[in-house]
Amino acid sequence: MSDQERRKEYRLVQEDLSDQEIIRLEKWKKLQEKGLEVFPHRAEITHAVHEVISEYSFLSKEELEEKNISVRVPGRIISVRKMGRATFFHIANFRDKIQVYLREDVVGKENYELFDLLDIGDIVQVSGKLFRTRTGELTILAESYVFLAKSFHPLPEKWHGLQDVELRYRKRYLDLIMNPVSGETFRLRSQMVAKIRRFFDERGFIEVETPMMQVIPGGALARPFKTFHNALGIDLYLRIAPELYLKRLVVGGMEKVYEINRNFRNEGVDSQHNPEFTMLEFYQAYIDYHQLMELTEELFLYLARELHGKDEIPYGEHTISFRRPWKRIKFMEAIREMSGLAPSRFEDQKSLIDFAATLTPEKRPLSYGKALDIIFDKLVKEKIVQPTFIINPPKEISPLAKSDREVPSEAARFELIIAGMELANAFSELTDPFEQRKRFEEQAAMRQTGDEESHLVDLDYVEALEYGLPPTGGEGIGIDRLAMIFSNQKSIREVILFPLLKPR
RNA sequence: GGCCCGUUAGCUCAAUAGGUAGAGCAGCGGACUCUUAAUCCGCGGGUUGAAGGUUCGAGUCCUUCACGGGUCACCA
């Protein structure tokens, strides 16, 4: 058969086949001709790779010989060292690997030669006895092996792994096969989420799921994605936050409630933002935002200890300490102390607003509160490294929060900043239905002036408040960013398995 | 969306000043029964992201486009 005929016959997705791919397809055909099942249905295994390691890696060479342990382990071939009539190779799964020793005098000439039809990347099951090599590595002395799956494409280079960032995101499976650090990051994320659930479950919270598709997207200041329901003939929005639904549940008597789920915001993509991201929101009746700060400190310290066994963790150039108590500083003081602006700049509100306007391309007139928010974001946030609660921001940028009891222009709210990123946002929830309605109407007025991120009026939610929302503290924590902190990653795309990319 | 950078063999990267596109890994053939980036000998592998342009000659210079990374803007 000519190369061209082969290329036509083998219908791989990728149309131009390399020599290496044709060779792999030919080898696979030969396996077929030998009567081997080329797409087997199941494998009878005794251990996964990591189970062999966790159960037996502490046994010495002598102990292994004495115990004579047989295992049947599946894995992907990731490296091969052939020396005539003996071959060493490693099989791997996720982030664990184990060596296999294949000898012609053990498996027989025919089975040994069959190995020539296998390639790096193929998945096999190896049966044999555990032993230690001269250099002490735990190894399976193969007595037999079974073909489980063919890899028709060559894997990336063994030493450097897969470096191309775009390919790592588009073909995450290759990243996971080749780069152990990546597997470790996602394992840590999974454990982190499990620990968060345990933390809240142990404190009597119940986990719920609320609508992702909403008629009025609320609970945050952001632009939504729009979609359409055919049968009902209505516009729907992917949620920007679960907040208003969770508070309806507190009205209904769920006094401690949380949700871990996706939010969608129709905004830019960068190292700290993905259009869909995972958010933890929790609400506890009868507590205020000061008690939420205590709870937040507890949660983060618990996670640091459970995931890393210590109170301080490295993040880039820094060491972040979760030791309590964390710094608390008023929003306005943070701006005065850290923005680098001269004290005289704060004497005149109008000139401050004009200055803030120079920091943003926004053409609309800014309110005083919005101007302060911009100055905080641009000049202050990035300077904060250690966990810091920024408390009492302006009320007008906090339409769902109670006012501070002493300074009514301030909100009973905090934002948690770590490593220059906003990790959490929390407040004493506004429970007064009349005030809530007024705030919504003010937001609606802002929308009239062109602010697309202002909150929409949600009278159904106001009606829920009219039935009585107890005093409640509520908080949202960005799970992706939290995973960044705990896995020491600088880009949100490193902690999201399939970040949004333009289609190829 | 603006600006800067990148795109060369399956992968990781080279290619002085514009002058015949190379190496390592991977692959193929051979030697080799404790190797682990195995080693040794030999061989094949490319529309240099796409399309134009300048030039005797373009991976290299110019223009446009595509995708990605960084940064700024919006935002958590």
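First the proteins, then the strands, lettered A, B, ... as listed; each starts at 1. Keep in mind the model is a prediction, meaning the values are calculated, not measured.
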Touch class at under 4.0 angstrom, heavy-atom based, for A/Asp164 against every strand present: sugar-phosphate
A/Lys27 vs B/C28: side-chain N/O to OP1/OP2 distance below 4.0 Å: yes
Spacing between A/Glu113 atom CD and B/U33 atom P, to the nearest angstrom: 14 Å
Nearest-angstrom distance, C1' atom, B/A76 to B/A58: 47 Å
Base-pairing assignment for B/A58 (Watson-Crick or G-U wobble, both under 3.5 Å): none
Flag, side chain of A/Asn179 to backbone of A/Leu176, donor-acceptor distance under 3.5 Å: no
B/C3 pairs with, by Watson-Crick or G-U criteria that keep both distances under 3.5 Å: B/G70
Given B/U35, B/C28, B/G70, the nucleotide with the shortest approach to the side chain of A/Arg493: B/G70
Euclidean distance for C1', B/C61 against B/G22 (whole angstrom): 23 Å
Whole-Å distance separating the CG atom of A/Leu17 from the C1' atom of B/G27: 15 Å
Exercise: do A/Arg76 and A/His90 side chains pair donor with acceptor under 3.5 Å: no
Sugar-phosphate only, base, or nothing, as touched by A/Glu137 at under 4.0 Å among non-hydrogen atoms: base
Touch class at under 4.0 angstrom, heavy-atom based, for A/Asp480 against every strand present: nothing
Nearest-angstrom distance, P atom, B/G46 to B/C41: 25 Å
Touch class at under 4.0 angstrom, heavy-atom based, for A/Phe264 against every strand present: nothing
Length of the line joining A/Leu155:CG and B/C25:P, which is rounded to integer Å: 17 Å
Distance-only donor-acceptor check, side chains A/Tyr289 and A/Asn392, under 3.5 Å: yes
Base paired to B/U16 (Watson-Crick or G-U; both N/O distances under 3.5 angstrom): none
Sugar-phosphate, base or nothing in reach of A/Gly161, heavy atoms under 4.0 Å: sugar-phosphate
Any side-chain donor near an acceptor of the partner, A/Thr87 and A/Tyr112, under 3.5 Å: yes
Polar side-chain contact A/Arg81-B/U35 base: donor and acceptor under 3.5 Å: yes
Distance, C1' atom - from B/G49 to B/G6, rounded to whole angstrom: 11 Å
Who pairs with B/C65 - Watson-Crick or G-U, where each distance is under 3.5 Å: B/G49
A/Gln272 backbone acceptor or donor facing A/Arg481 side chain under 3.5 Å: yes
Donor-acceptor side-chain pairing of A/Glu259 and A/Asn261 below 3.5 angstrom: yes
Spacing between A/His153 atom NE2 and B/G10 atom P, to the nearest angstrom: 12 Å
A/Arg103 CZ - B/U35 P separation (whole Å): 12 Å
Within 6.0 angstrom of A/Lys226 NZ, more than 12 heavy atoms from elsewhere: no
Short side-chain to backbone donor-acceptor contact, A/Lys61 and A/Arg132, under 3.5 Å: yes
Sugar-phosphate only, base, or nothing, as touched by A/Tyr101 at under 4.0 Å among non-hydrogen atoms: base
Residue matched to B/C25 through Watson-Crick or wobble contacts both under 3.5 angstrom: B/G10
Separation of atom CG in A/Asp116 from atom C1' in B/G29, rounded to whole Å: 12 Å
Pairwise P distance for B/G24 and B/A31, with rounding to whole Å: 22 Å
A/Thr278 backbone acceptor or donor facing A/Asp480 side chain under 3.5 Å: yes
P atoms of B/G2 and B/U8, separation to the nearest Å: 24 Å
Check: A/Asn263 side chain, A/Glu276 main-chain N or O, donor-acceptor pair, under 3.5 Å: no
Touch class at under 4.0 angstrom, heavy-atom based, for A/Gly478 against every strand present: nothing
Sugar-phosphate, base or nothing in reach of A/Asp373, heavy atoms under 4.0 Å: nothing
Length of the CE-P vector between A/Met178 and B/A26, whole Å: 11 Å
Distance, rounded to the nearest Å, where A/Lys97 contributes NZ and B/A37 contributes P: 9 Å
Distance-only polar pair, side chains of A/His160 and A/Gln163, donor-acceptor under 3.5 Å: no
Residues touching RNA chain B, which here means a heavy atom under 4.0 Å, drawn from residues 60-67 of chain A: none
Rounded distance in Å between the C1' positions of B/A37 and B/A23: 15 Å
Separation between the C1' atoms of B/G57 and B/G42, rounded to whole Å: 35 Å
Pair A/Arg239-A/Thr210, side-chain donor/acceptor within less than 3.5 Å: yes
base_contact_polar (B/U7 base, A/Glu166 side chain, donor-acceptor, <3.5 Å): no
Sugar-phosphate only, base, or nothing, as touched by A/Gln99 at under 4.0 Å among non-hydrogen atoms: base
Under-4.0 Å side-chain N/O to phosphate OP1/OP2 contact, A/Arg132 with B/U35: no
Per-nucleotide protein contact string for nucleotides 41-51 of chain B (B base, S sugar-phosphate only, - none; heavy atom under 4.0 Å): ----S------
